[in-house]
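We're numbering straight along the sequence, starting at 1.
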Amino acid sequence: MNNCKKTGKTLYLLINFMFGVAAVFFLYSQSGAVLKNPLPALYILGTVFTGGMLVQVVKGYRLYILFDNTKIRPHRFCLQYAKTTVVSILLPFKIGDLFKMFCFGAEINNFMISILIIIVDRVIDTMALTVMMTVMIFNGSDTIRYLYLFFLLCIGLAGLLYYSFPSTYRYWNHRLIQSSPSKRILFWLNFWHRCNQIYLLLRHVLKGKVPLIFMLSLLGWGIEIAFFCIYALMTGSNFSPVDFDCYLCSIILGIPNVFLGIYIMAATCGMLFLWFIMVLVSKRIKHA
């Protein structure tokens, strides 16, 4: 038993180290887009830090609501959120979400719930982003249309899977039960049974939370867009729908971008500070 715990801890630290090294590499590439420009005035840096932290407070609270049923302690949630958010915003293709699933799964000792919660958080956040993009398109922006269609396709597929599953499960379960027993039939019965368990778990996670999570996602994106507009105004630059499109593409692909670099620098500093405070709090509680 002790050997299993030691192996699990070693694996946990190794995965944390690997993702940490990857995050540092992408932090270096993104910071170049910011540091090649003259350092802004102190009040602008203060605005950048405040804006980045406000966005993360909203996103963190949104995720905490989803994890509410797991009984995770607030200081432990903040510790994992700060650590995983730094990695998540730095790595392209949303690879950092895998790290978030792993760390929160290890924290609550249930990887399936952690995976479902992170997927739900990402889908609802994409729904809110799509609403924001719809407003931009109706205001005459054509630059974000392809990304917009891609997000609509993802949301449509997620909705189709969720709402069509109960009837699909009942149909195939009934057909398989009426079939002659065999290893293949037992395999598919077991497969659909497991899928149904995951679906019921997902319903439990979502129960009564979707409207609040969606509103918090809208608020988060609203603050983020307002933050970039204010920064552009302060520095005499511009933040148009074209810039927003480039910003979103940079988030997905990890391409260096000035606005993404600014957000990353602000959020990373804030989250590392929060992580350090939560480490101290966790140690005090442990030794209390």
Side-chain angles (χ1 to χ4, degrees), residues 59 61-70 72 84-85 88 91-135 137 144-179 184-221 248-249 251-253:
K59 290 184 176 182
Y61 181 58
R62 182 186 71 201
L63 191 62
Y64 182 71
I65 291 171
L66 288 170
F67 273 103
D68 182 51
N69 291 336
T70 65
I72 186 171
T84 57
T85 297
S88 184
L91 298 185
F93 307 110
K94 290 300 176 183
I95 296 172
D97 283 344
L98 298 176
F99 183 61
K100 194 171 283 188
M101 292 172 184
F102 172 77
C103 289
F104 276 106
E107 181 66 37
I108 65 175
N109 201 29
N110 192 322
F111 287 99
M112 180 54 69
I113 289 180
S114 177
I115 290 168
L116 288 176
I117 286 175
I118 301 304
I119 291 173
V120 165
D121 181 68
R122 183 57 51 217
V123 170
I124 296 177
D125 191 49
T126 304
M127 286 170 60
L129 173 59
T130 306
V131 171
M132 292 291 187
M133 295 172 81
T134 303
V135 174
I137 288 173
I144 59 176
R145 192 156 289 175
Y146 293 113
L147 201 56
Y148 175 76
L149 291 174
F150 173 71
F151 287 155
L152 276 183
L153 178 63
C154 292
I155 294 167
L157 286 173
L160 180 65
L161 283 172
Y162 181 77
Y163 287 107
S164 66
F165 178 81
S167 58
T168 305
Y169 168 71
R170 285 193 298 269
Y171 171 78
W172 283 108
N173 193 55
H174 179 71
R175 284 285 304 271
L176 291 166
I177 288 172
Q178 289 185 326
S179 302
R184 186 170 62 87
I185 295 298
L186 287 174
F187 169 81
W188 285 111
L189 275 170
N190 187 53
F191 169 78
W192 282 107
H193 175 67
R194 288 180 180 275
C195 289
N196 189 51
Q197 285 181 317
I198 294 170
Y199 174 77
L200 293 174
L201 189 59
L202 181 59
R203 281 187 62 183
H204 178 68
V205 167
L206 289 172
K207 191 175 180 180
K209 297 175 181 176
V210 174
L212 179 57
I213 300 300
F214 181 69
M215 293 305 295
L216 286 171
S217 295
L218 281 177
L219 178 62
W221 280 110
L248 292 175
C249 290
I251 291 174
I252 297 169
L253 302 175

(message) Under a 3.5 Å threshold, yes or no: a donor from one side chain and an acceptor from the other, between T134 and Y148?
(response)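 The answer is yes; a qualifying pair exists.
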(message) Distance alone, cut at 3.5 Å: any donor-acceptor contact between the side chains of T70 and N110?
(response)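 No donor-acceptor contact under 3.5 Å links the two side chains.
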[atom1] of [X] to [atom2] of [Y]: how many Å apart, nearest 0.5 Å?
{"X": "F151", "Y": "T130", "atom1": "CZ", "atom2": "OG1", "value": "6.5 Å"}
{"X": "M132", "Y": "L248", "atom1": "CE", "atom2": "CG", "value": "12.0 Å"}
{"X": "I185", "Y": "L176", "atom1": "CD1", "atom2": "CG", "value": "5.0 Å"}

(request) For residues A128 and W221, report the shortest heavy-atom separation together with the two atoms involved. (result)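 Shortest heavy-atom separation between A128 and W221 comes out as CB-CD1, 4.2 Å.
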(message) Working note: F104 + F111, criterion ring pair (Phe, Tyr, Trp, His ring centres under 6.0 Å); need CA distance, chi angles, decisive distance, verdict.
(response) CA-CA 8 Å; F104 276 106; F111 287 99; over 10 Å; no
(message) I'd like to know if the side chain of S114 reaches the main chain of M101, judged simply by a donor and an acceptor atom lying under 3.5 Å from each other, with no hydrogens or angles considered.
(response)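 At least one qualifying donor-acceptor pair exists.
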(message) Tell me whether K209 contacts the main-chain N or O of I65 through its side chain, where contact means a donor paired with an acceptor under 3.5 Å.
(response)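 It does hold such a pair.
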(message) Run N190 and L186 through side-chain contact (heavy atoms from CB on, under 4.5 Å) and show every step you take.
(response) CA-CA 6 Å; N190 187 53; L186 287 174; over 6 Å; no
(message) Working note: F99 + L91, criterion side-chain contact (heavy atoms from CB on, under 4.5 Å); need CA distance, chi angles, decisive distance, verdict.
(response) CA-CA 10 Å; F99 183 61; L91 298 185; 6.0 Å; no
(message) Less than 4.0 angstrom from a charged side-chain N to a carboxylate O is my criterion; do D125 and R62 meet it?
(response)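 Between R62 and D125 there is a salt bridge, with a charged N closer than 4.0 Å to a carboxylate O.
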(message) One pair to check against side-chain contact (heavy atoms from CB on, under 4.5 Å): C195 and Y169. What are the steps and the verdict?
(response) CA-CA 8 Å; C195 289; Y169 168 71; 5.9 Å; no
(message) L149 vs L153, test: side-chain contact (heavy atoms from CB on, under 4.5 Å). Steps then yes/no.
(response) CA-CA 6 Å; L149 291 174; L153 178 63; over 6 Å; no
